[in-house]
Amino acid sequence: MSGDAMLIQEVATRDGFQIEPVFVETADKIALIDALSAAGFSRIEVSSFVSPKAVPALRDAAEVFAGITRRPGTVYVALVPNPKGAERALAAKVNEINLVASVSETHNRANMGMTPAASIEGFGKIMAAVKGSGVSTNATVATAFGCPFEGDQPADKVMAQVERYLALGIENVTLADTTGMANPRQVESLVARALTMVPASNLTLHFHNTRGLGLANVLAAYTVGARRFDAALGGLGGCPFAPGATGNICTEDLANMAAEMGIATGLDLEALIALSRDLPRLVGHDVPGQVAKAGRPSDLHPIPQAA
């Protein structure tokens with residue numbers, strides 16, 4: 001892809017399924033991930049190696065990783081909370097582990113049961129476990145654009161956390177709008193600063209559509225040089241520790257926007273729309289995505305017959 005291409009990274013089977021009240025069967029997860037691979041994704045966050053008691057929806061992470069058909073060129077990612085989770089992830093032959101700490105102390109205590117400093121100290125132990133394995137690492141700065149308990153998070157504080165990640169040898173960084181509080185001007189400013197520390201090829205933006213600004217925030221980040229974005233099929237997801245939070249930005253809506261603007265993604269948009277339309281069968285409810293409901297702008301309708 002050219003330097004202007006947009007890299008959309010799929011997170012539905014982890015970030016989306018983790019909060020669904022209905023357990024999505026292992027075989028269905030595997031079939032969906034295989035279909036997403038075939039649709040052209042270069043990075044899929046498959047599952048999470050967390051306690052089954054904490055996140056029962058992802059208790060089959062090892063079985064899912066064992067069952068998927070791995071497409072050459074696709075990176076299969078697992079969220080890892082601690083060294084034990086890292087060991088399980090390595091045994092499952094993941095390609096990348098994703099670590100998460102909130103920049104907000106209150107949110108991190110609610111989500112992780114510890115301070116951000118303690119979480120990052122734990123990352124050092126995980127990095128030691130991963131060293132020499134060939135597995136790449138990504139670390140997410142959660143609540144980078146605001147905390148539902150503390151409000152705005154100073155940009156200097158966010159950048160300091162990015163610096164700590166890089167000092168640990170973590171290769172890739174995600175700035176996450178965990179609570180859907182970001183606005184385009186804020187995104188432009190923070191992303192421009194982040195790109196002075198992390199190259200565009202290693203920086204991901206993770207937006208939620210809680211207040212309807214998800215795609216606007218993507219475009220703001222893209223305009224100042226960001227190229228990697230997380231998204232979830234159908235707009236699934238949400239944060240259990242962010243009151244009122246809705247799902248991630250919708251994969252097929254984002255891919256459609258890029259296509260309409262002439263921005264390459266390498267994704268099969270028609271396949272994504274078909275997969276999104278099948279999601280209610282898996283999760284038992286309607287999903288927020290818009291393009292799957294309305295169709296693409298090129299999907300023209302017959303002229304109504306005169307009465």
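Keep in mind the model is a prediction, meaning the values are calculated, not measured. Heavy-atom basis, side chains included; hydrogens, waters and symmetry copies ignored.
Cluster membership for Met181 and Val187, using ILVMFWY side-chain heavy atoms within less than 4.5 angstrom, is not shared. When hydrophobic clusters are built by joining Ile, Leu, Val, Met, Phe, Trp and Tyr residues whose side-chain heavy atoms come closer than 4.5 Å, directly or via intermediates, Met197 is grouped together with Phe123. Cluster membership check: Leu269 does not share its hydrophobic cluster with Met261, using side-chain heavy-atom separations under 4.5 Å among Ile, Leu, Val, Met, Phe, Trp and Tyr. Cluster membership check: Ile273 does not share its hydrophobic cluster with Leu233, using side-chain heavy-atom separations under 4.5 Å among Ile, Leu, Val, Met, Phe, Trp and Tyr. Phe229 and Val77 sit in two unconnected hydrophobic clusters of ILVMFWY residues. Membership requires side-chain heavy atoms under 4.5 Å apart, directly or through other members.
No hydrogens or angles considered: nothing links the side chains of Thr115 and Glu105 as a donor-acceptor pair under 3.5 Å. A donor-acceptor contact closer than 3.5 angstrom is absent between the side chains of Ser104 and Gln153. Residues Ser48 and Gln18 bring no donor and acceptor atom of their side chains to less than 3.5 Å of each other. Using modelled atom types, one finds a donor on one side chain and an acceptor on the other under 3.5 Å when comparing Thr204 with Arg228. The closest side-chain donor-acceptor pair between Asn248 and His206 falls under 3.5 angstrom.
For Leu272 against Ala39, the heavy-atom pair with the smallest separation is CD2-CB, 4.0 Å. Among all heavy-atom pairs drawn from Arg59 and Pro52, the shortest one is CB-CB, 3.9 Å. Of all heavy-atom pairs spanning Arg277 and Pro280, the tightest one is O-CD, 3.5 Å. Considering every non-hydrogen atom in both Pro83 and Lys125, the closest pair reads CG-CB, 3.9 Å. Shortest non-hydrogen contact noted between Ala231 and Leu254 is CB-CD2, 4.3 Å. Of all the heavy atoms in Ala258 and Thr265, the pair that sits closest is CB-CG2, 3.6 Å.
No more than 12 heavy-atom neighbours from other residues, nucleotides or ligands sit within 6.0 angstrom of NZ on Lys93. Around the NZ atom of Lys84, the shell of radius 6.0 Å holds no more than 12 heavy atoms that belong to other residues, nucleotides or ligands. Annotation for Glu121: atom CD does not count as buried by contact number, only 12 or fewer foreign heavy atoms lying within 6.0 Å.
We find that Arg296 and Glu270 are joined by a salt bridge, their nearest charged nitrogen and carboxylate oxygen being less than 4.0 Å apart.
One distance of note links NE2 of His208 with CG of Leu213; it measures 14.0 Å at 0.5 Å rounding. Taken to the nearest 0.5 Å, the OG atom of Ser51 stands 11.5 Å off from the CG atom of Leu58. Atom CG of Leu236 and atom OG of Ser276 lie 7.5 Å apart (nearest 0.5 Å). Going from atom OG1 of Thr13 over to atom CD1 of Ile30 covers 11.0 Å, rounded to the nearest 0.5 Å. To the nearest 0.5 Å, atoms CG (Leu215) and CG (Asn209) are separated by 6.5 Å. With rounding to the nearest 0.5 Å, the separation of CG in Asp15 from OG in Ser47 is 11.5 Å.
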### Asp156 and Arg193: CA distance, side-chain angles, deciding distance, salt bridge (Lys or Arg N to Asp or Glu O under 4.0 Å) verdict
CA-CA 10 Å; Asp156 288 346; Arg193 283 193 62 176; 2.8 Å; yes
### Message
Walk me through whether Asn98 and Val80 qualify under side-chain contact (heavy atoms from CB on, under 4.5 Å).
### Response
CA-CA 6 Å; Asn98 184 25; Val80 169; over 6 Å; no
### Message
For Glu10 and Asp230: C-alpha separation, side-chain torsions, deciding distance, then whether side-chain contact (heavy atoms from CB on, under 4.5 Å) applies.
### Response
CA-CA 6 Å; Glu10 183 56 57; Asp230 285 346; over 6 Å; no
### Task
Please lay out, stage by stage, how Val218 and Leu205 fare under the test side-chain contact (heavy atoms from CB on, under 4.5 Å).
CA-CA 8 Å; Val218 168; Leu205 278 300; over 6 Å; no
### Query
Between Arg227 and Leu7, does a side-chain contact (heavy atoms from CB on, under 4.5 Å) hold up when you go through it step by step?
CA-CA 6 Å; Arg227 293 294 180 265; Leu7 184 64; 5.6 Å; no
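Residues passing the side chain to side chain contact (heavy atoms under 4.5 Å, CB included) test with Arg185 are Asn183, sequence neighbours excluded. Applying the side chain to side chain contact (heavy atoms under 4.5 Å, CB included) criterion to Asn202, with sequence neighbours excluded, gives Asn172, Val198, Pro199.
Ring pair Phe17/Phe23: centre-to-centre distance not below 6.0 Å. Ring to ring, Phe41 and Tyr76 are not that close: their centroids are 6.0 angstrom or more apart.
Side-chain contact check for Tyr222 versus Ile263: some heavy-atom pair is nearer than 4.5 Å. Proximity of Tyr165 to Ile120: side-chain heavy atoms (C-beta onward) are separated by under 4.5 Å at one or more points. Between Ile249 and Asp253 there is no side-chain heavy-atom pair separated by less than 4.5 Å.
Connectivity analysis of hydrophobic side chains (ILVMFWY, heavy atoms under 4.5 Å, direct or indirect) links Ile303 to nothing; its cluster partners are none.
Between the side chain of Glu150 and the backbone N or O of Thr106, at least one donor-acceptor pair lies under 3.5 Å. With hydrogens and angles ignored, the 3.5 Å screen pairs no side-chain donor or acceptor of Asn256 with any backbone N or O of Glu252.
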